[in-house]
Amino acid sequence: MLNYIWAFMILIGVVYGAITGKMAEVTNAALDSAGDAVSLCITMIGVMALWVGLMEIAQKSGLIAKLTRGIQPFIRFLFPRIPEGHPAREYIATNLIANLLGLGWACTPAGLKAMEELAKLEAERGNPGYVSAGKGIFEDGKKKGNKAGKNGSELPVDTSGKSGRVASNEMCTFLILNISSLQLIPVNMIAYRQQYGSVNPAGIIAPAIVATFVSTLTAVVYCKVKNRKQK
């Protein structure tokens, strides 16, 4: 859909330039924007390299591990159905910490791994959409069959060949929390402002903290209300 939207906007710009006789301005603007895009990418690569490097140092020094343990009560509050010690907890914590520091790109791998572990958790629970077609659930390398539901009956396996997946509560909560993204240091925005000549690039920090705090608080309340209603 986004491809169609961008193509439509480009087409409108070209048509408007042709009708108004300003094709030269449209061409110059396109070339200038291409140059700005390359320059911005180079700037962001440097910023990303710096903060990802700091993140790596923090991880090697054990700081990330300490922060991960520190936010476990928050993880437990938001994801009560994820078992203690499950790998998804660590990946979720790492993702939230990276987001907290404004490292949007650095948190992506942890976010993907968290979703992967949550999918495995759904397979362990016997969710049909997460069990391979015609197969039961595998534990410790052995086929255990479908886990029993609350009433003692076996949960069905998806044998249609289609995934039929539905996001679990934990997946939805994690995604919403990731989008709301409480940030103490909005690294990307500071870099953008610096690139485009802002007098005070870091002036966005206080408003960003307030805005992301409100958005994250709203996300937490929304998720807890929805989970309570579903129960």
Side-chain angles (χ1 to χ4, degrees), residues 52 55-56 58-101 103-158 163-183 216-231:
V52 170
M55 192 77 172
E56 187 69 18
Q59 186 174 9
K60 296 290 185 181
S61 66
L63 179 60
I64 297 299
K66 291 181 180 178
L67 291 175
T68 299
R69 289 193 297 269
I71 67 171
Q72 281 305 313
F74 180 68
I75 301 295
R76 192 178 303 113
F77 170 72
L78 279 178
F79 305 94
R81 296 180 65 236
I82 298 180
E84 292 287 344
H86 196 278
R89 282 179 174 267
E90 180 179 353
Y91 289 123
I92 289 173
T94 302
N95 178 271
L96 294 180
I97 291 170
N99 264 324
L100 191 66
L101 298 177
L103 306 177
W105 292 323
C107 74
T108 301
L112 295 175
K113 291 296 293 184
M115 281 294 188
E116 181 180 325
E117 291 298 330
L118 290 175
K120 291 180 182 178
L121 182 59
E122 288 304 300
E124 293 170 3
R125 289 171 176 171
N127 187 329
Y130 293 86
V131 180
S132 298
K135 298 180 181 179
I137 300 165
F138 286 79
E139 297 175 358
D140 300 327
K142 297 180 180 179
K143 185 174 180 180
K144 301 294 184 181
N146 297 334
K147 285 190 175 181
K150 293 182 178 179
N151 59 356
S153 61
E154 286 192 347
L155 292 169
V157 176
D158 180 16
S163 62
R165 295 188 175 188
V166 176
S168 65
N169 284 357
E170 289 81 7
M171 290 178 178
C172 293
T173 299
F174 175 61
L175 182 60
I176 293 172
L177 196 63
N178 199 283
I179 293 172
S180 65
S181 184
L182 173 63
Q183 292 187 4
T216 301
L217 181 61
T218 303
V220 170
V221 172
Y222 173 81
C223 290
K224 296 305 289 185
V225 169
K226 294 296 289 185
N227 287 340
R228 186 180 296 273
K229 285 184 177 181
Q230 190 174 44
K231 290 179 181 179

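Atom-to-atom distance recorded for Leu118:CG and His86:NE2 is 7.5 Å, nearest 0.5 angstrom. Taking CD1 from Ile92 and OG1 from Thr173, the interatomic distance works out to 9.0 Å, rounded to the nearest 0.5 Å. Here the CG-CG distance, from Leu177 to Leu78, works out to 6.0 Å after rounding to the nearest 0.5 Å. To the nearest 0.5 Å, the span separating OG on Ser168 from CE on Met115 amounts to 7.5 Å. To the nearest 0.5 Å, the span separating CG on Leu96 from CG on Leu67 amounts to 11.5 Å. How far CD of Glu122 is from CE of Met171: 5.5 Å, rounded to the nearest 0.5 Å.
Side-chain atoms of Ser180 never come within 3.5 Å of backbone atoms of Ala219 as a donor-acceptor pair (strictly under, hydrogens ignored).
Looking at Glu116 and Lys120, a side-chain N of the basic residue comes within less than 4.0 Å of a carboxylate O on the acidic one, giving a salt bridge. Taking 4.0 Å as the cut-off between side-chain N and carboxylate O, Glu117 and Arg89 do not count as a salt-bridged pair.
Nearest heavy-atom pair across Phe77 and Lys224 is O-NZ, 2.8 Å. In plain terms, the two heavy atoms of Asn99 and Gln183 that are nearest each other are O-CG, 3.1 Å.
Contacts of Arg69 classified as salt bridge (Lys or Arg N to Asp or Glu O under 4.0 Å), with partners at least two apart in sequence or in another chain: none.
Leu121 has its side chain within reach of Pro83: a pair of non-hydrogen atoms, C-beta onward, lies under 4.5 Å apart.
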